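Notes follow the structure.
The model shown is predicted, which means the values in this text are computed figures rather than measured ones.
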Amino acid sequence: MPQQGNNANIAKIQGAVNTSLAEDLKSTLGADYLTGIHFNLSRVTLPSEVQEAVNQAQAAFAKVTEAQAKVAQARAEADANKARQDGYTKCPTCAEIEKLKALPQGITVYAPGNTGGVALPTK
């Protein structure tokens with residue numbers, strides 16, 4: 001898709017230059033001395049220092065965008081956790097059900113509130 005966008009931009013630039021070039025030449029020269037001129041934009045190669053600066057700027061922008069996405073994700077997770085906690089506060093039984101669902105498969109003893117602990121049989 002980016003290639004199509006680039007081609008469309010190149011076509012727009014070529015069209016604008018072709019329109020203004022003919023008018024500018026006529027205005028500058030005073031008459032249509034040069035006709036049938038057509039501008040074609042071809043590959044642009046920047047000096048290596050400039051290209052490197054562009055690459056670094058794009059990389060920095062990508063890092064900023066990634067960081068912003070992480071912040072947005074963290075906020076969304078915090079909002080989800082708050083909503084979940086609000087739900088558990090309103091429905092303590094629901095919270096207990098979720099605790100039970102989170103227990104490991106095959107557990108043989110569950111003793112909530114037992115501060116002394118429970119010995120689980122070894123296999």
Side-chain angles (χ1 to χ4, degrees):
M1 191 67 178
Q3 185 64 33
Q4 289 177 335
N6 288 341
N7 289 341
N9 288 339
I10 288 171
K12 286 179 185 177
I13 292 168
Q14 285 179 173
V17 170
N18 281 324
T19 300
S20 65
L21 182 60
E23 293 169 4
D24 290 347
L25 286 171
K26 183 177 180 179
S27 172
T28 301
L29 300 175
D32 283 326
Y33 293 112
L34 302 172
T35 59
I37 294 176
H38 187 75
F39 173 80
N40 286 320
L41 181 61
S42 63
R43 179 180 165 92
V44 175
T45 304
L46 301 173
S48 60
E49 308 85 35
V50 174
Q51 185 61 56
E52 183 57 31
V54 168
N55 292 346
Q56 288 176 1
Q58 288 177 330
F61 181 75
K63 288 179 183 177
V64 168
T65 302
E66 181 181 358
Q68 289 171 336
K70 286 180 181 179
V71 168
Q73 181 180 2
R75 283 188 182 137
E77 288 174 7
D79 289 346
N81 287 337
K82 183 180 180 332
R84 198 174 296 114
Q85 185 58 50
D86 290 346
Y88 294 154
T89 301
K90 291 176 184 173
C91 178
T93 303
C94 298
E96 290 302 315
I97 291 170
E98 288 300 315
K99 284 182 194 176
L100 293 172
K101 286 181 184 177
L103 292 173
Q105 292 293 327
I107 192 167
T108 57
V109 176
Y110 173 61
N114 183 355
T115 58
V118 174
L120 296 176
T122 58
K123 292 185 181 184

Just checking, is any N or O donor in the side chain of Gln85 or Asn81 under 3.5 Å from an acceptor N or O on the other one? no

Charged N to carboxylate O under 4.0 angstrom, Glu66 versus Lys63? no

Taking the basic N atoms (NZ, or NE/NH1/NH2) and the acidic carboxylate oxygens, is any pair closer than 4.0 Å for Asp86 and Lys82? yes

Please answer: with hydrophobic residues joined when any side-chain heavy atoms are less than 4.5 Å apart, are Ile97 and Leu103 in the same cluster? no

Hey, can you pull the donor-acceptor pairs under 3.5 Å for the side chains in residues 18-27, sequence neighbours left out?
unit_1: Asn18; atom_1: OD1; unit_2: Phe39; atom_2: N; d: 2.5
unit_1: Asn18; atom_1: ND2; unit_2: Gln14; atom_2: O; d: 3.1
unit_1: Asn18; atom_1: ND2; unit_2: His38; atom_2: ND1; d: 3.2
unit_1: Asn18; atom_1: ND2; unit_2: Phe39; atom_2: O; d: 3.4
unit_1: Thr19; atom_1: OG1; unit_2: Gly15; atom_2: O; d: 2.9
unit_1: Ser20; atom_1: OG; unit_2: Ala16; atom_2: O; d: 3.1
unit_1: Ser20; atom_1: OG; unit_2: Val17; atom_2: O; d: 3.4

Find out if a path of hydrophobic residues (ILVMFWY) with successive side-chain heavy-atom gaps under 4.5 Å connects Val71 to Val64. no

How long is the span from the CD atom in Gln51 to the CD atom in Gln56, to the nearest 0.5 Å? 11.0 Å

Verify the cluster assignment for Val54 and Phe61: are they in a single hydrophobic cluster under the rule of side-chain heavy atoms below 4.5 Å apart? no

